[in-house]
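Lettering of chains follows the sequences in order, A, B, ..., and the numbering in each one begins at 1.
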Amino acid sequence: MSQITIALSKGRIFEETTPLLEAAGIVPLEAPESSRKLILPTNRDDVRLIIVRATDVPTYVQNGAADLGIAGKDVLYEHDGSGLYQPLDLKIAKCKMMVAVREGFDYFGSVRSGARLKVATKYVKTAREHFANKGMHVDLIKLYGSMELAPLVGLADAIVDLVSTGGTLRANHLVAVEDVMPISSRLVVNQASLKLKHAKIQPIIDSFAAVVAQQD
Amino acid sequence: MELLRRQLLDLFHTHGYRYVIPPMLEYVESLTTGVGHDLDLLTFKVVDQISGRLMGVRSDITPQAARIDAHLLNQQGVTRLCYAGSVLRAQPSGTAQTREPLQIGAELFGHAGIESDLEVQQLLVHALQAAGIAKPHLDFSHVAIFRALVESASIAPQLESELFQALQAKDASTLSELTKSLQASIRAALMALPTLYGDARVLDTAAEQLPSIPQIQNALGELKQVAQQFLAPDVEVSFDLAELRGYHYHSGMVFAAYAEGYSSALAQGGRYDEVGQVFGRSRPATGFSMDMRALVNALPPASGNKGILAPLTEDVELRSKIKSLRAQGEIVVVELPGHEQHRAELDCDRVLVKNDKGWEILPAA
């Protein structure tokens, strides 16, 4: 019968998803870190995993190239998440989206005086909405990585980025000054798949939900 | 695709649906009032050089059909209309989606009962089967359920729209955040909605989990009738009570069709009773529409009949032979002089050849 494809990204999300998959009776036959394959078979003939970049997970699922996927809320928010079901907060890969500035920079003072800040970020949409809701006028600079560098070399006054332990910020003499939103990974489901392959997908969702509920 | 378009329109025709050709360009107000409220951002706009007013290129034909019914036809009884034409979307509805869908659909005005809903749903199933989709999958919902919950708890429009978005995504965690301030029974009902999907059994679960507001019980009753109607093995039926497609103008049962091989809904429709009101006449209405381009994409390419190649001569016998072949529905292509070396492009698998018995059809060399 029909096959179920699950889209995952390498690294933290894959590691923290493995126990969830095991609870649903799905065990990958190869590890993505050692294998160069992008399609990983599992112990179940009708389930396979595909390894894609985290930011691509919603695209694969939305277009039906994968039935299920696991993606951070940061990614889903930027992607606009429409056309996807997000039935479950898996509460894994938790971190925070935050505004950070150079040590000694008076962020709140600048906000009060209405200064027009330059903000570097990978998450343009999220940042734009955050500052618009605060009524702040900012110039956004889109970067693809190493955001922490931008305030140090004068490219930007502030950054919007994910912070989990704060180690990278400290090492670069930055301080987090404001929360944007809490982030964790969500299960996303293609809308047509949930209707057409309901009998196969529902048990997977249910067993994920059971594991998440246990951890609470 | 043209063949399919004709096939579907013929099918609608035999069901008594009259074909209408609404204008491509209209004043923006006509396109976006009432049913078209969601369409404002989707509509391409130009300034009319004669009146100085803003005009829009239609992004959906349904409201145009509603206006034709309310305003032009003025019938008191039931009006059945169908249409097919291009619409333009200022924004594509998703990645790799066309901005010029070829919309085809049928609408039924003037009957408020569930019988007319069933009629258009049956028609949709026939249409999909005619298009070659062996086992269409219909997914039903009812916007009155969410609307009744919103009204009974007097939820503010801002929160209503946030709840709506969370429900569309079945985003339980956001929903739980949003409903914190609401009374317990409404909160429980809203939290239950995203879990109420699947086969007809969810309707029983829903009857237990949702508050017994009359509108909700009515809605569930209607959905149950649908469940009984489509028992046939050639259609699969499911329910999804958090699906609120077109919530802003739909008023009753809504549905969408899915099929193996398509990653999103193929066709969608539902009841939109109050829409005619802004055009001067409130008429009950229900119908469906689909994008033929999306439909055709996943169908096997049409294996149309190949043609017959005929030489260009003054022979009267050949002319009458060609005429009779064409009358039988055969494609006969006459080869123009100087193009013998491009014969393959004409897509003919047979040729007309003269021998002692007269003109005969032989397989192409």
Side-chain angles (χ1 to χ4, degrees), chain A residues 1-3 5 7 55-56 58-69 71-73 76-77 79-92 94 133 181-203 205-206 208-209 212-213 216, chain B residues 38 91-97 133 135-141 158 164-177 191-202 235-240 242-245 255-268 294 297-298:
Chain A
M1 248 258 334
S2 55
Q3 189 165 47
T5 304
T55 43
D56 291 337
T59 310
Y60 276 82
V61 177
Q62 192 172 22
N63 291 296
D67 302 296
L68 300 168
K73 191 178 172 193
L76 289 170
Y77 206 87
H79 187 265
D80 176 25
S82 64
L84 290 171
Y85 290 136
Q86 315 178 16
L88 205 55
D89 182 349
L90 299 173
K91 306 197 174 152
I92 56 172
K94 276 190 192 175
N133 284 339
M181 61 169 78
I183 301 289
S184 58
S185 289
R186 308 293 175 100
L187 178 69
V188 293
V189 186
N190 176 270
Q191 297 193 335
S193 298
L194 187 64
K195 318 273 183 204
L196 297 171
K197 301 180 182 174
H198 181 250
K200 285 204 171 178
I201 290 179
Q202 194 57 39
I205 299 180
D206 288 343
F208 279 20
V212 174
D216 271 355
Chain B
D38 289 351
Q91 290 155 359
S93 55
T95 44
Q97 299 273 339
I133 288 166
K135 199 167 189 182
H137 182 114
L138 288 187
D139 188 56
F140 293 91
S141 184
Q158 170 71 30
F164 165 75
Q165 280 178 2
L167 280 174
Q168 283 300 78
K170 296 197 194 304
D171 185 346
S173 48
T174 305
L175 208 54
S176 141
E177 286 286 305
M191 292 296 294
L193 277 183
T195 63
L196 292 171
Y197 60 88
D199 59 21
R201 278 172 298 184
V202 303
V235 184
E236 262 184 75
V237 170
S238 64
F239 298 87
D240 183 347
E243 185 65 68
L244 299 167
R245 207 181 288 280
F255 53 91
Y258 293 83
E260 202 74 46
Y262 294 88
S263 61
S264 53
L266 269 180
Q268 39 221 288
N297 271 343

Using a cut-off of under 4.5 Å for heavy-atom pairs, which of B:T195, B:L266, B:D240 has the most such pairs with chain A?
-> B:D240

Heavy-atom contact with chain A under 4.5 Å, split by part of B:D139 | side chain

Residue B:S264 versus chain A: region with a heavy atom under 4.5 Å | backbone

So which of A:K73, A:Q191, A:R186 has the biggest tally of heavy-atom pairs under 4.5 Å with chain B?
-> A:R186

Residues A:N190 and B:S263: closest non-hydrogen pair is ND2-O, 3.4 Å

Give, as side chain, backbone, both or neither, the part of B:Y262 having an atom under 4.5 angstrom from any heavy atom of chain A.
-> backbone

B:E236 and A:H198: CA distance, side-chain angles, deciding distance, side chain to side chain contact (heavy atoms under 4.5 Å, CB included) verdict | CA-CA 12 Å; B:E236 262 184 75; A:H198 181 250; over 6 Å; no

At a heavy-atom separation under 4.5 Å, does B:E243 approach chain A through its side chain, its backbone, both, or neither?
-> side chain

Is the OH atom of A:Y60 crowded by more than 12 outside heavy atoms at less than 6.0 Å?
-> no

When rounded to the nearest 0.5 angstrom, what distance separates CG in B:L175 from CD in A:Q86?
-> 11.5 Å

Give the intermediate values and the outcome of side chain to side chain contact (heavy atoms under 4.5 Å, CB included) for residues A:L194 and B:K170.
-> CA-CA 11 Å; A:L194 187 64; B:K170 296 197 194 304; 3.7 Å; yes

Give, as side chain, backbone, both or neither, the part of A:L187 having an atom under 4.5 angstrom from any heavy atom of chain B.
-> neither

Checking heavy atoms, do the side chain of B:A172, its backbone, both or neither come under 4.5 Å from chain A?
-> both

Considering only heavy atoms and a distance below 4.5 Å, find which of B:A259, B:A256, B:A265 pairs most often with chain A.
-> B:A259

